[in-house]
Amino acid sequence: MFVRVETGIRRFEAMIEAADRDDVWGRMAKLERRYELRCPKCEKKFWLTPELIKTSWVSGRFEGYRCPETGCGGIANEEDKEAA
């Protein structure tokens with residue numbers, strides 16, 4: 001983030017104070033725990049998005065989330081998160 005001149009610095013400091021006061025950092029940590037998975041194959045973390053949903057070709061049942069890493073092919077799911 002880039003902040004210019006004294007006015008920008010004051011506004012940035014006010015934003016940080018508001019974030020501390022409103023527990024934005026704690027809420028962000030909760031979001032991270034809820035919407036971030038680790039690929040069981042390549043071990044990289046990624047954010048869940050609808051386009052990464054993997055379903056069964058046969059039944060249409062939800063199987064997990066495809067790892068977005070090119071060439072990985074790993075499928076992460078909630079059980080992987082709980083095991084970590």
Side-chain angles (χ1 to χ4, degrees):
M1 183 179 286
F2 182 74
V3 180
R4 288 186 200 227
V5 295
E6 191 64 33
T7 303
I9 293 169
R10 284 196 308 274
R11 286 183 182 170
F12 181 72
E13 288 172 346
M15 285 174 35
I16 297 299
E17 289 173 13
D20 288 340
R21 180 182 62 245
D22 298 335
D23 192 31
V24 169
W25 312 123
R27 294 190 332 228
M28 289 295 291
K30 287 179 186 175
L31 284 174
E32 184 176 336
R33 287 190 299 271
R34 181 177 290 168
Y35 296 109
E36 187 180 59
L37 285 180
R38 182 182 302 271
C39 175
K41 188 173 178 182
C42 72
E43 297 292 320
K44 292 194 177 182
K45 289 184 176 182
F46 63 95
W47 290 96
L48 305 182
T49 60
E51 54 272 356
L52 296 177
I53 292 174
K54 168 76 170 109
T55 57
S56 167
W57 283 66
V58 176
S59 67
R61 185 181 63 84
F62 173 78
E63 293 182 351
Y65 293 90
R66 290 186 305 276
C67 177
E69 191 67 24
T70 304
C72 173
I75 305 294
N77 55 44
E78 292 296 317
E79 290 83 32
D80 296 329
K81 185 191 307 188
E82 292 167 3

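Treat the numbers as computed from the prediction; the structure is a model and nothing was measured. Values below: all heavy atoms of this structure, side chains included; hydrogens, waters and symmetry mates excluded.
If you take CD1 on Ile75 and OH on Tyr65, they are separated by 11.5 Å, rounding to the nearest 0.5 Å. Distance check: Met15 CE to Arg10 CZ gives 15.0 Å after rounding to the nearest 0.5 Å.
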Give the table of side-chain donor-acceptor pairs shorter than 3.5 Å for residues 40-50, with sequence neighbours excluded, one pair per line with atom names and distance.
unit_1: Lys41; atom_1: NZ; unit_2: Cys72; atom_2: O; d: 2.6
unit_1: Lys44; atom_1: NZ; unit_2: Glu69; atom_2: OE2; d: 3.4
unit_1: Thr49; atom_1: OG1; unit_2: Glu51; atom_2: OE2; d: 3.1

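Distance alone, capped at 3.5 Å, is enough to place a donor-acceptor pair between the Arg66 side chain and the Ile53 backbone.
Of all heavy-atom pairs spanning Cys39 and Ala76, the tightest one is CA-CB, 4.3 Å. Across all their heavy atoms, Phe62 and Thr55 have their closest contact at CA-CG2, 4.2 Å.
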